[in-house]
Student: 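Please find one structure pasted underneath; my questions will follow.
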Amino acid sequence: MSDYSSIKEILDKTGLYTGLTMGNSMEPLIHQQRDNIIVVKNKERLKKYDVPVYLTKSGKYVMHRIIKVCDDHYVIVGDNRTEMEYVTDDMICGVLAGFYKNGKRYVDCQKSKSYKLYSRVWVALLPVRPALQLVNRGVNFIKRRVFKREVV
């Protein structure tokens, strides 16, 4: 049994946290309860495209991508979101170092060229994400209607 009670406390004491995620805000990259994340205590100011884990004023842990670095805050948005958030350094507990995709393949956020390309493309697509999400919902609606199996 752990002597620590929160992600922030684990990161403050050990510098490393690993676990499964909750929520779908980082899809399509990271899927809830399926991909194992590795978060490390950040030692310096974060950069654009980094994915910090931060604690909201309501006490909720959130992991979203930095799309802009300002002098006194970061502008952050989830990969599956369009709403921007403003986060200060004191809210940040750690930063995503890597993750195990489907519990198998490890992706290193600092070394993986495909991850870096994904990050840049996904941030560049932010202005058209609402349209992409609308198309995705339409495709899923059609799939449910057309491929709906009758219950016998």
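Just so it is clear, the structure is predicted and the values come from calculations on it, not from any experiment.
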Student: Would a hydrophobic clustering, with Ile, Leu, Val, Met, Phe, Trp and Tyr connected at side-chain separations under 4.5 Å, put M26 with V121?
Tutor: yes
Student: List the steps, then state whether side-chain contact (heavy atoms from CB on, under 4.5 Å) holds for V123 with K48.
Tutor: CA-CA 10 Å; V123 169; K48 185 175 181 178; 4.2 Å; yes
Student: If we ignore hydrogens and angles and just use 3.5 Å, is the side chain of Q32 paired with the main-chain N or O of M22 as donor and acceptor?
Tutor: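 Absent.
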Student: Could you walk me through whether L46 and V95 satisfy the side-chain contact (heavy atoms from CB on, under 4.5 Å) test, starting with their C-alpha distance in whole Å, then the side-chain angles of each, then the deciding distance to 0.1 Å, before giving a yes or no?
Tutor: CA-CA 8 Å; L46 300 179; V95 63; 4.0 Å; yes
Student: Is it the case that the side chain of K8 and the backbone of L55 share a donor-acceptor pair, with hydrogens and angles ignored and the cut-off at 3.5 Å?
Tutor: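 Not at all, since once roles are kept as given, no pair shorter than 3.5 Å links the two residues.
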Student: Would you say Y49 and Y115 make side-chain contact, with heavy atoms under 4.5 Å?
Tutor: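 The answer is no, as the side chains (C-beta and beyond) never meet within the 4.5 Å cut-off.
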Student: Treating E27 as the side-chain partner and D79 as the backbone partner, does any N or O pair qualify as donor plus acceptor under 3.5 Å?
Tutor: no
Student: If you measure from the Lys or Arg side-chain nitrogens to the Asp or Glu carboxylate oxygens, is any gap between R45 and D89 under 4.0 Å?
Tutor: yes
Student: Under the side-chain contact (heavy atoms from CB on, under 4.5 Å) criterion, do L29 and R65 qualify, and how do the steps go?
Tutor: CA-CA 11 Å; L29 182 68; R65 187 175 308 283; 3.6 Å; yes
Student: With salt bridge (charged side-chain N to carboxylate O under 4.0 Å, His left out) as the test, would you mind laying out the steps for K41 and D12 before giving the verdict?
Tutor: CA-CA 7 Å; K41 185 78 175 160; D12 287 344; 2.8 Å; yes
Student: Distance under 6.0 Å and angle within 45° of the ring axis: does R105 meet both against Y100?
Tutor: no
Student: Would the distance check show the side chain of D35 and the main-chain N or O of K101 forming a donor-acceptor pair, the cut-off being under 3.5 Å?
Tutor: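 No.
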Student: Can you tell me how far apart CG (N80) and NE2 (H64) are? Round to the nearest 0.5 Å.
Tutor: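 That separation rounds to 9.0 Å.
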Student: Looking only at atom types and distance, does a side-chain atom of R129 sit under 3.5 Å from a main-chain N or O of W122, one as donor and one as acceptor?
Tutor: yes
Student: Report yes or no: do Y106 and L117 belong to one cluster of Ile/Leu/Val/Met/Phe/Trp/Tyr joined by side chain heavy-atom distances under 4.5 Å?
Tutor: no
Student: Look up atom CE in M91 and atom OH in Y61, then write down how far apart they are to the nearest 0.5 Å.
Tutor: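 Here the interatomic distance stands at 12.0 Å.
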Student: Given L16, which of I38, I10, V39 fulfils the side chain to side chain contact (heavy atoms under 4.5 Å, CB included) condition?
Tutor: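 Going through the options one by one, the only one that passes is I38.
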Student: Rounded to the nearest 0.5 Å, how far apart are CE of M63 and CD1 of I7?
Tutor: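 That separation rounds to 9.5 Å.
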Student: Using a 4.5 Å cut-off on heavy atoms from C-beta on, say whether the side chain of T18 contacts that of I37.
Tutor: no
Student: Quick one: does any side-chain atom of K68 pair with a main-chain N or O of H73 as donor and acceptor, under 3.5 Å?
Tutor: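 No, K68 side chain to H73 backbone: no donor-acceptor pair under 3.5 Å.
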Student: Checking the side chain of N36 only, and the main-chain atoms of G19 only, is there a donor and an acceptor separated by less than 3.5 Å?
Tutor: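 At least one qualifying donor-acceptor pair exists.
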Student: Tell me, do P28 and Y118 make a side-chain contact under 4.5 Å, heavy atoms counted?
Tutor: yes
Student: Between Y54 and V40, is there a shared hydrophobic cluster once you connect ILVMFWY residues whose side-chain heavy atoms come closer than 4.5 Å?
Tutor: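 Same hydrophobic cluster.
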Student: When rounded to the nearest 0.5 angstrom, what distance separates SG in C93 from OH in Y17?
Tutor: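 Going from SG on C93 over to OH on Y17, the span is 11.0 Å.
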Student: Under a 3.5 Å distance rule, please check whether Y74 uses its side chain to pair with a backbone N or O of T88 as donor and acceptor.
Tutor: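 Looks like no, no N/O pair under 3.5 Å.
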Student: Quick check on side chain to side chain contact (heavy atoms under 4.5 Å, CB included): which of I76, V87, N42 does P52 satisfy it with?
Tutor: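 With P52 as partner, I76, V87, N42 yield a single side chain to side chain contact (heavy atoms under 4.5 Å, CB included), made by I76.
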Student: Check the hydrophobic clustering (I, L, V, M, F, W, Y; side-chain heavy atoms under 4.5 Å; chains of links allowed) and say if M84 and V53 are grouped together.
Tutor: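 Hydrophobic grouping puts M84 apart from V53.
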Student: Supply the atom-to-atom distance D50 CG to L96 CG, rounded to the nearest 0.5 angstrom.
Tutor: 9.0 Å
Student: Side chains of F99 and C109: closer than 4.5 Å at any heavy-atom pair?
Tutor: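 Side-chain contact under 4.5 Å: yes.
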Student: Drop me the distance from K47's NZ to E44's CD, to the nearest 0.5 angstrom.
Tutor: 6.0 Å
Student: Answer yes or no: is there a side-chain heavy-atom contact under 4.5 Å between L126 and V77?
Tutor: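 Touching, per the 4.5 Å side-chain cut-off.
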